[in-house]
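As the structure lists them, so they are numbered: ligands from 1, and atoms in each ligand from 1. What you see is a predicted model; the values in this text were computed from it and never measured.
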Amino acid sequence: MPALAARPEADALGAALERLAARFGPRLSTSKAVREQHASTLTWVEPQPPDAVVFPETTEETAEIVSVCSGHGVPVVPFGTGTSFEGHVNAPYGGVSISTARMDAVVAVHAEDLDVVVQPGVTRKRLNEHLRDQGLFFPIDPGADASLGGMASTRASGTNAVRYGTMKDNVLGLTAVLPSGEIIRTGGRARKSSAGYDLTRLLVGAEGTLGVITELTLRLQGIPEAIAAGVCPFPTVEAACDATIATIQSGLPVARIELLDEVQIRAVNLYSKLALPEVPTLFLEFHGTEEGVKEQSARFGEIARELGGGPFDWATRAEDRTRLWAARHDAFWAALALRPGARCVPTDVCVPISRLAECVAETKRDIARSGVVSPIVGHVGDGNFHCQPLFDMSDPAEVATGQAFLGRLVERAIAMGGTCTGEHGVGQAKMKYLEAEHGRGALDAMRAIKRALDPLNIMNPGKIVTP
Ligand SMILES: Cc1cc2nc3c(=O)[nH]c(=O)nc-3n(C[C@H](O)[C@H](O)[C@H](O)COP(=O)(O)OP(=O)(O)OC[C@H]3O[C@@H](n4cnc5c(N)ncnc54)[C@H](O)[C@@H]3O)c2cc1C
């Protein structure tokens with residue numbers, strides 16, 4: 001069978017769907033509403049619904065679905081909760097979306113080893129609710145209540161990554177169904193392994209283009225004895241970024257350090273009913289002992305003061321922290337509410353920390369020059385920030401201006417030694433930047449891996465690389 005480069009023949013698709021319907025009954029849906037729900041893209045990427053959505057409950061059922069699709073040359077698109085931003089779950093060639101919604105069991109908690117085994121449809125909030133009584137938590141927090149399978153597949157990170165790393169640092173092992181329908185296990189529960197190629201890290205960040213993850217073993221952390229959070233205003237974004245750089249370079253073990261520029265603060269004030277001064281602001285969190293968080297907060301306060309920021313207000317009461325972080329997590333929805341009717345394109349880039357202030361400042365100047373409305377918000381401790389530009393999609397000139405702005409943002413980040421995406425991933429929308437970032441040779445190596453594991457190109461085709 002030739003590698004898929006277009007929609008499969010109607011006969012092949014029909015035969016595959018007939019077999020899957022006979023096997024999965026009501027757990028296969030071809031209804032328009034369900035198909036559309038599995039192609040929602042949240043941004044300006046046009047939705048491209050699959051032909052059917054199927055809801056397996058086990059690894060073996062997932063393998064059966066993939067085998068049927070492989071046998072008929074029908075595309076498979078893995079689906080978690082659909083919160084990704086770059087057209088990741090679109091089905092440009094149609095096919096079958098495999099939803100992991102019913103694969104939502106916490107299989108085993110190994111408290112003594114600080115790890116947990118989960119099915120991919122467990123969401124991060126549900127996992128943390130399950131773990132709370134044991135004094136444990138899973139730190140990766142992309143804001144949205146995403147599935148752990150989806151988070152592994154986009155190599156997600158978010159607010160806590162500056163302290164605890166990203167999904168690449170927190171997935172110890174996986175079970176996955178390859179495009180052939182074969183089931184493999186990668187990694188394990190040992191903290192370290194030098195045994196052969198690191199297939200876990202290959203699948204983490206593969207965006208479902210190399211297989212469907214059906215089980216994950218994740219690292220856990222103990223809930224810290226004390227947590228302090230606070231906000232610190234700055235006169236300019238440069239000063240806020242310089243304070244971030246100084247904080248990281250001084251080795252202060254900050255757990256979260258998030259920049260909201262003055263436009264994003266205005267949006268958050270309106271949306272979350274806060275009354276923060278409308279200036280660039282850092283939201284911070286420290287984890288440790290009672291004494292430790294006091295010391296860290298005091299040390300950060302000094303750094304901020306030296307760079308013209310402050311006062312640094314901090315709180316240890318859980319409800320104050322929750323209110324603050326809820327507002328931060330609603331930053332995307334707050335941005336959208338700034339311009340009713342507009343589409344928001346929440347893009348992310350990441351640069352080495354020493355270039356952060358320069359990159360954010362140059363981006364602010366670009367926003368002013370091009371007349372784009374774009375709040376900036378970012379996990380700046382990692383050199384990672386998001387622009388959330390808002391566009392009127394009925395105005396072609398505005399859309400063209402927006403596209404040019406996004407292109408310049410990526411070029412700027414890559415020119416500074418950074419990346420076109422620190423955490424959201426490539427999907428459909430960022431494929432065009434990969435050669436500039438990695439070079440032809442590395443891109444060819446990615447294509448060779450894709451061809452080796454997915455010779456028919458059925459696994460989430462049209463994402464990351466064209467084989
Ligand atoms: C308000 C908001 C804020 C966000 N903030 C952040 C942030 O701070 N940091 C961040 O990293 N992201 C952020 N995101 C983006 C998003 O939450 C992440 O990309 C998340 O990891 C997607 O998970 P999901 O379950 O929704 O995956 P989906 O969107 O369903 O899928 C994402 C990709 O993973 C693949 N996939 C899903 N499940 C599997 C599986 N079991 N096996 C193989 N492939 C699979 C899909 O095919 C697709 O390519 C945010 C999103 C929103 C809406």
Over all atoms of both residues, closest heavy-atom pair of V351 and C359: CG1-SG, 3.9 Å
Strictly under 4.0 angstrom, heavy-atom based: which residues surround ligand 1? L42, P78, F79, G80, T81, G82, T83, S84, F85, H88, V89, T100, P120, P142, A144, A146, S147, G149, G150, M151, S153, T154, A156, S157, G158, E207, G208, G211, V212, I213, F332, W333, H379, E423, H424, N460
Could you list the donor-acceptor pairs under 3.5 angstrom formed between side-chain atoms of residues 75-84 and any protein atom two or more places apart in sequence or on another chain?
none

Is R408 atom CZ crowded by more than 12 heavy atoms from other residues, nucleotides or ligands, each under 6.0 Å away? yes
Hey, could you give me each pair passing salt bridge (Lys or Arg N to Asp or Glu O under 4.0 Å) that has a residue in residues 136-163? Not counting sequence neighbours. R124-D141, D141-R256
For L274, does its backbone N or O pair with a side-chain atom of S272 as donor and acceptor, under 3.5 Å? no
Under the side-chain hydrogen bond (donor to acceptor under 3.5 Å, both in side chains) test, residues paired with T200 that sit two or more places apart: T186
